[in-house]
Amino acid sequence: MFKTQITPTYWLIAHRGASAFAPENTLPSMRLAKQMGAQWVEFDVVLSKDGELFIFHDEKLDRTSNGKGLIAKASAAELKQLDAGRWYATEYQHTPIPTLSIMLAYLAEIKMGMNLEIKPADDRIELLVDGIFSAIEKHWSNELPIPLISSFSIEALRYARVRNPSARLGLLLHEWRDDWQKLADELNCYSVHLNKQIVTKERVNAIHNTDRKVLCYTVNDIVQAKHLFEIGMDGIFSDYPNLLEKWHGI
Ligand code: G3P
Ligand code: MG
């Protein structure tokens, strides 16, 4: 008798792409995620001063580009001149901050599942959400995995639901809140995405009892990932697209 070792097929979403190995939220980071076997990526969507949509995490440009100050105060033309790869490593020099449009065209080409996180920096929520849906309508087809759209901003999710009654929405929770179900019901959320620090088995069960998926961010430790899947987690966000390759080694 011998046992076949089956690699688990748990849902791993490459957080900002393969961000442990390449500059986060860039095309090279998505390309590497694909090469490392990821089937899904997560990235953050923000607005420039003049209303163009870009992929970027922080409110300020300083950490992950050679720009300075608030991204929401920079024009699209200024942002397109910036380098979002050099801070990470010289081999990534001249990597641009991607526009949403370029990102979606690329992910559609490589057939990658995507979680778009809406990150409003100011009150231009409708402009941001409208831009996201317009880009999806333009670049995404029905043969590709249905996009998952998430946010910490209830206002953004509320408008997303108005804008698209059937979109898959994910409620992001950094802190636990007892009114999560009321919110998830109101927004007709497909999933709830929990900070790993607030996960308990009871909470995972409670969310499952409302027929929703539960996801957890950001999990970079295989022992923790195993534990989360054991208590019923449906998926994890990880900076390491290859995290689950170590599954049989522990
Ligand atoms: O969407 C999961 C995770 O990306 C949320 O936190 O700050 O990494 O965007 P953050
Ligand atoms: Mg994010």
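Everything quoted here is computed from the prediction, not taken from an experiment. Positions are given from 1, in the same order as the sequence printed here.
Under a hydrophobic clustering in which Ile, Leu, Val, Met, Phe, Trp and Tyr are joined whenever their side-chain heavy atoms come within less than 4.5 Å, directly or via other members, Met30 and Ile102 fall into the same cluster. Cluster annotation: Val45 is not connected to Phe56 through the hydrophobic network of ILVMFWY side chains, with a link wherever side-chain heavy atoms come within less than 4.5 Å. Taken together through direct or relayed side-chain contacts under 4.5 Å among Ile, Leu, Val, Met, Phe, Trp and Tyr, Ile55 and Leu144 form part of one hydrophobic cluster. Grouping the Ile, Leu, Val, Met, Phe, Trp and Tyr side chains by contacts below 4.5 angstrom, directly or via other members, places Ile97 apart from Leu32. Both Leu171 and Ile198 are assigned to one and the same hydrophobic cluster, defined by single-linkage of ILVMFWY side chains at heavy-atom distances under 4.5 Å.
Taking all atoms of both residues into account, the shortest heavy-atom contact from Ala33 to Ala14 is CB-CB, 3.9 Å. What you find for Ile154 and Arg177 is that their closest heavy atoms are CG1-NH1, 4.2 Å. Nearest heavy-atom pair across Ala72 and Asp122 is CB-OD2, 3.8 Å. Taking both residues in full, the closest heavy atoms of Leu47 and Arg124 are given as CD1-O, 3.5 Å, listed atom of the first, atom of the second, then distance. The two residues Met36 and Ala18 come nearest to each other via the heavy atoms SD-CB, 4.2 Å. Nearest heavy-atom pair across Asp50 and Ala76 is OD1-N, 2.9 Å.
Glu186 pairs by the salt bridge (charged side-chain N to carboxylate O under 4.0 Å, His left out) definition with Arg158, not counting sequence neighbours.
The local environment of CD in Glu137 is crowded, with over 12 non-hydrogen atoms from other residues, nucleotides or ligands closer than 6.0 Å. The neighbour count for Gln181 CD, taken as heavy atoms of other residues, nucleotides or ligands under 6.0 Å away, is above 12. Within a 6.0 Å sphere centred on NZ of Lys213, other residues, nucleotides and ligands contribute 12 heavy atoms or fewer.
A donor atom on one side chain and an acceptor atom on the other are not found under 3.5 Å apart for Thr218 and Asn220. For the residue pair His193/Ser191, the side-chain donor-acceptor check at 3.5 Å is satisfied. Judged purely by distance below 3.5 Å, without hydrogens or angles, the side chains of Trp176 and Asp178 pair a donor atom with an acceptor atom. Side chain to side chain, His57 and Asp44 fail the donor-acceptor criterion of an N or O pair below 3.5 Å.
When atom types are taken as modelled, the side chain of Ser75 and the backbone of Lys49 share no donor-acceptor pair closer than 3.5 angstrom. Using a distance-only test at 3.5 Å, with no hydrogens or angles considered, no donor-acceptor pair links the side chain of Trp247 to the main chain of Lys226. Remark: side-chain polar atoms of Ser238 are paired, donor with acceptor, to backbone N or O of Val219 under 3.5 angstrom. Proximity of a side-chain donor or acceptor of Thr26 to a complementary backbone N or O of Pro23 within less than 3.5 Å is detected. Side-chain N or O atoms of Asp221 include one that pairs as donor or acceptor with a backbone N or O of Gln224 at under 3.5 Å. Using a distance-only test at 3.5 Å, with no hydrogens or angles considered, a donor-acceptor pair links the side chain of Lys34 to the main chain of Ile110. Looking only at distances, a side-chain donor or acceptor of Glu42 sits under 3.5 Å from a matching main-chain atom of Arg16. In terms of modelled atom types and a separation under 3.5 Å, the side chain of Arg168 and the main chain of Ile149 share no donor-acceptor contact. One N or O on the side chain of Arg161 and one on the backbone of Ala167 form a donor-acceptor pair closer than 3.5 Å.
In this structure, the separation between CD on Glu245 and CG on Asn242 is 5.0 Å, given to the nearest 0.5 Å. In this structure, the separation between CG on Asp211 and SG on Cys189 is 13.5 Å, given to the nearest 0.5 Å. Separation of atoms NE2 (His227) and CD1 (Ile222) is listed at 13.5 Å; rounding is to 0.5 Å. Between the CG atom of Asn115 and the OG atom of Ser150 there is a distance of 4.0 Å, given to the nearest 0.5 Å. From Leu187, atom CG reaches atom OG of Ser151 across 10.0 Å, with rounding to the nearest 0.5 Å. Atom CG in Leu53 sits 7.5 Å away from atom OG in Ser48 (nearest 0.5 Å).
Sorted by first and then second residue, the side chain to side chain donor-acceptor pair (under 3.5 Å) pairs with a member in residues 79-99 read Glu52-Lys80; sequence neighbours excluded.
Contact of the Ile236 side chain with the Tyr10 side chain is not registered, since no non-hydrogen atoms from C-beta on lie closer than 4.5 Å. Val204 places none of its side-chain heavy atoms less than 4.5 Å from the side chain of Leu228. You'll find the side chain of Phe54 stays beyond 4.5 Å of the side chain of Pro98, heavy atoms only. Using a 4.5 Å heavy-atom threshold, the side chains of Thr64 and Asn25 count as separate. Inter-residue side-chain proximity for Ile71 and Lys60 is flagged as unmet; no heavy-atom pair is nearer than 4.5 Å. Side-chain contact between Leu104 and Leu116: present, with at least one pair of heavy atoms (C-beta onward) separated by less than 4.5 Å. Between Leu79 and Leu82 there is a side-chain heavy-atom pair separated by less than 4.5 Å. Proximity of Leu157 to Leu183: side-chain heavy atoms (C-beta onward) are nowhere separated by under 4.5 Å.
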Apply side chain to side chain contact (heavy atoms under 4.5 Å, CB included) to the pair Ser153 and Ile125, showing each step before the final yes or no.
-> CA-CA 9 Å; Ser153 162; Ile125 285 175; 4.2 Å; yes
Please assess Tyr240 against Phe21 for the test ring-ring contact (aromatic ring centres under 6.0 Å, His included), listing each intermediate value before the final yes or no.
-> CA-CA 8 Å; Tyr240 293 80; Phe21 305 98; 5.4 Å; yes
Is there a side chain to side chain contact (heavy atoms under 4.5 Å, CB included) between Glu126 and Val129 once you walk through the steps?
-> CA-CA 5 Å; Glu126 296 193 4; Val129 172; 6.0 Å; no
Please test Asn164 against Tyr159 for side chain to side chain contact (heavy atoms under 4.5 Å, CB included), starting from the C-alpha separation and ending with a verdict.
-> CA-CA 9 Å; Asn164 187 320; Tyr159 182 67; over 6 Å; no
Taking it one step at a time, do Asp234 and His208 satisfy side chain to side chain contact (heavy atoms under 4.5 Å, CB included)?
-> CA-CA 10 Å; Asp234 296 294; His208 278 158; 2.7 Å; yes
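Here Arg212 pairs with Asp185 in a salt bridge; the nearest charged N to carboxylate O distance falls below 4.0 Å. By the 4.0 Å N-to-carboxylate-O rule, Arg163 lies close enough to Asp130 to be salt-bridged with it. With salt bridges taken as basic N to acidic carboxylate O contacts below 4.0 Å, one links Arg63 and Glu24. Between Lys68 and Glu78 no salt bridge is recorded (no basic side-chain N to carboxylate O distance below 4.0 Å).
Hydrophobic cluster membership of Ile13, counting Ile, Leu, Val, Met, Phe, Trp and Tyr whose side-chain heavy atoms lie under 4.5 Å apart directly or via other members: Trp11, Trp40, Leu148, Phe152, Leu172, Tyr190, Leu215, Tyr217, Phe237.
In summary, of the residues considered (Ile136, Ile132, Leu107), a side chain to side chain contact (heavy atoms under 4.5 Å, CB included) with Pro147 occurs for Ile136 alone.
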